2 protein chains.
Amino acid sequence: MSSRRTYHHGDLRQAVLTAALDVIATEGPSALSLRDLARRAGVSHAAPAHHFKDRAGLLTAVATEGFDLLAVALGEAADLKDAGVRYVRFAADHPAHFQVMFQPDLHRPDDPDLLAAKERAGDRLRAGVAGLPGGGTRGTDPRLAGVAAWSLAHGFATLLLSHNLEGPIGEQDPEEVFRTLARLLFADDAPQPPGE
Amino acid sequence: MSSRRTYHHGDLRQAVLTAALDVIATEGPSALSLRDLARRAGVSHAAPAHHFKDRAGLLTAVATEGFDLLAVALGEAADLKDAGVRYVRFAADHPAHFQVMFQPDLHRPDDPDLLAAKERAGDRLRAGVAGLPGGGTRGTDPRLAGVAAWSLAHGFATLLLSHNLEGPIGEQDPEEVFRTLARLLFADDAPQPPGE
DNA sequence: CGGCAAACTTGTCAATGCCTAGATTTGGCG
DNA sequence: CGCCAAATCTAGGCATTGACAAGTTTGCCG
């Protein structure tokens with residue numbers, strides 16, 4: 001940290017973003033202060049505004065980045081159950097992104113970049129559901145099956161991040177617990193391909 | 001509004017609380033300002049502090065009230081599926097409470113009243129799971145079944161409040177959609193005990 | 001080399017949270 | 001009835017913050 005020799009920071013946008021993620025992950029979004037981020041980056045108090053316009057702009061950028069990361073993670077999923085596991089893993093690995101993504105009052109809901117990233121992530125979600133064998137959902141509306149799977153993964157992830165699962169599941173590995181839940185609810189009474 | 005005739009407000013605590021719920025429900029917790037609430041109640045800017053100490057104290061009170069309301073709602077549930085529906089209904093009817101309840105960075109996590117209320121709500125949740133017939137969960141650990149049901153209901157409620165279900169389920173009644181989900185996932189393939 | 005736009009700084013203003021001291025009212029108790 | 005203590009509310013002040021409006025420096029491109 002300390003004194004910068006160059007007038008230009010070089011990569012202030014990224015520096016502010018990562019500092020913001022750090023603060024949000026440890027103290028929550030409400031503790032975020034643009035001036036504090038500026039201090040951490042060693043720049044003047046108004047410098048971040050040039051990259052993000054204002055507080056809402058910064059958080060919108062965080063959410064956008066989050067949806068893109070989520071889209072990548074879901075894109076690598078083998079099947080729906082795996083997609084759920086990756087969803088939970090994403091929340092655990094990127095708690096700051098996750099929190100901001102699903103708190104619409106923190107960002108500009110009409111931001112075009114945000115909407116596009118949201119769309120990309122939504123596509124991956126729907127793609128995961130499309131690969132479902134009919135047995136798992138008993139031939140019901142695939143949109144419903146999608147909402148069901150999304151709700152389960154999202155609820156588990158949210159409860160995990162809000163420290164509400166520390167009682168019930170204790171020390172166990174969250175991913176493993178979620179895998180069990182998915183097995184429990186999405187009964188694969190249709191024959192699965194062998195292996196694994 | 002404007003001039004109050006009495007020096008004492010009479011029920012400032014409740015007035016501030018309901019005003020806070022109004023603001024949170026429409027603009028989110030981040031838009032909450034103690035001074036604004038004071039203005040709405042027609043009192044001086046420091047009056048609310050006497051009842052809630054500070055911002056975190058006010059939000060802690062909101063969360064506490066929320067967990068108590070939730071405990072009441074869950075207490076009236078007939079079975080686990082009904083408890084889930086009531087959970088979703090609670091979130092829809094009390095969006096401000098719900099948002100604050102599950103955002104630990106907004107309140108004092110060690111507040112005794114809050115912890116007690118949380119405990120009461122948790123008891124009702126566990127009670128609902130205890131009434132499960134073995135078939136629904138295929139004889140698995142009841143704690144796991146509880147986490148599964150909670151995750152599903154919580155995820156659905158959260159996605160609903162963050163406006164993420166407006167695409168998939170459109171105009172349909174959320175409660176009815178959730179009922180379908182619960183029927184879909186918690187397959188009652190085991191014979192139910194007659195009479196309830 | 002000239003200029004121009006982006007990146008950053010400095011200064012300012014209103015609003016907020018929180019603290020302290022003082023004013024008013026209420027309720028209780030002799 | 002009188003009086004005191006606690007509860008409730010007011011008033012003022014201070015540090016911090018977000019947002020805005022100029023200026024400054026830097027890199028780049030013709």
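Quantities reported herein were computed from a predicted structural model and do not represent experimental measurements. Order of the sequence lines sets the chain letters (A, B, ...), proteins ahead of strands, with each chain counted from 1.
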**Student:** Grab the NZ-C1' distance between B:Lys53 and C:dT20 for me, whole Å please.
**Tutor:** 12 Å

**Student:** Hey, are the side chains of A:Thr60 and A:Lys53 touching, using non-hydrogen atoms and a 4.5 Å cut-off?
**Tutor:** no

**Student:** Say whether, by atom type as modelled, one donor and one acceptor occur between the side chain of B:His107 and the main chain of B:Val100 under 3.5 angstrom.
**Tutor:** yes

**Student:** Nearest whole Å is fine: how far is D:dC9 P from B:Arg13 CZ?
**Tutor:** 12 Å

**Student:** Which whole-number value in Å describes the distance from B:Gln14 CD to D:dT8 C1'?
**Tutor:** 17 Å

**Student:** Rounded to the nearest Å, what distance is computed from the CG atom of residue A:Leu37 to the P atom of nucleotide D:dA19?
**Tutor:** 12 Å

**Student:** So which protein nitrogen or oxygen atoms get under 3.5 Å of nucleotides 13-17 of chain C's nitrogens or oxygens?
**Tutor:**
{"from": "C:dT16", "atom 1": "OP1", "to": "B:Arg39", "atom 2": "NH2", "distance (Å)": "3.3"}
{"from": "C:dT16", "atom 1": "OP2", "to": "B:Arg39", "atom 2": "NH2", "distance (Å)": "3.3"}
{"from": "C:dG17", "atom 1": "OP1", "to": "B:Leu34", "atom 2": "N", "distance (Å)": "3.1"}
{"from": "C:dG17", "atom 1": "OP2", "to": "B:Leu34", "atom 2": "N", "distance (Å)": "3.1"}
{"from": "C:dG17", "atom 1": "OP2", "to": "B:Arg35", "atom 2": "N", "distance (Å)": "3.2"}
{"from": "C:dG17", "atom 1": "N7", "to": "B:Arg35", "atom 2": "NH1", "distance (Å)": "2.3"}
{"from": "C:dG17", "atom 1": "O6", "to": "B:Arg35", "atom 2": "NH1", "distance (Å)": "3.0"}

**Student:** OP1 or OP2 of D:dA7 less than 4.0 angstrom from a side-chain nitrogen or oxygen of B:His51, does that happen here?
**Tutor:** no

**Student:** Taking atom P of C:dC18 as reference, at what distance in whole Å does atom CG of B:Leu59 sit?
**Tutor:** 10 Å

**Student:** So, for A:Phe90 and A:His94, is the gap between ring centers shorter than 6.0 Å?
**Tutor:** yes

**Student:** Using atom types as modelled, flag every donor-acceptor pair under 3.5 Å from a side chain in residues 112-120 of chain B to any protein atom, sequence neighbours excluded.
**Tutor:**
{"from": "B:Arg120", "atom 1": "NE", "to": "B:Asp68", "atom 2": "OD1", "distance (Å)": "2.9"}
{"from": "B:Arg120", "atom 1": "NH2", "to": "B:Asp68", "atom 2": "OD1", "distance (Å)": "3.0"}
{"from": "B:Arg120", "atom 1": "NH2", "to": "B:Asp68", "atom 2": "OD2", "distance (Å)": "3.3"}

**Student:** Do B:Phe156 and A:His154 have their ring centres less than 6.0 Å from each other?
**Tutor:** no

**Student:** Would you classify A:Ala49 as touching base, sugar-phosphate or nothing, given that sugar-phosphate means primed atoms plus P, OP1 and OP2, and contacts are heavy atoms under 4.0 Å?
**Tutor:** nothing

**Student:** Roughly, in whole Å, what's the span from CZ in A:Phe52 to C1' in C:dC8?
**Tutor:** 14 Å

**Student:** What I want to find out is whether A:Arg143 reaches A:Asp141 closely enough, with some N-O distance under 4.0 Å, to be called a salt bridge.
**Tutor:** yes

**Student:** When you measure from the side-chain N and O atoms of A:His50 to the phosphate of C:dA7, is any distance below 4.0 Å, counting only OP1 and OP2?
**Tutor:** yes

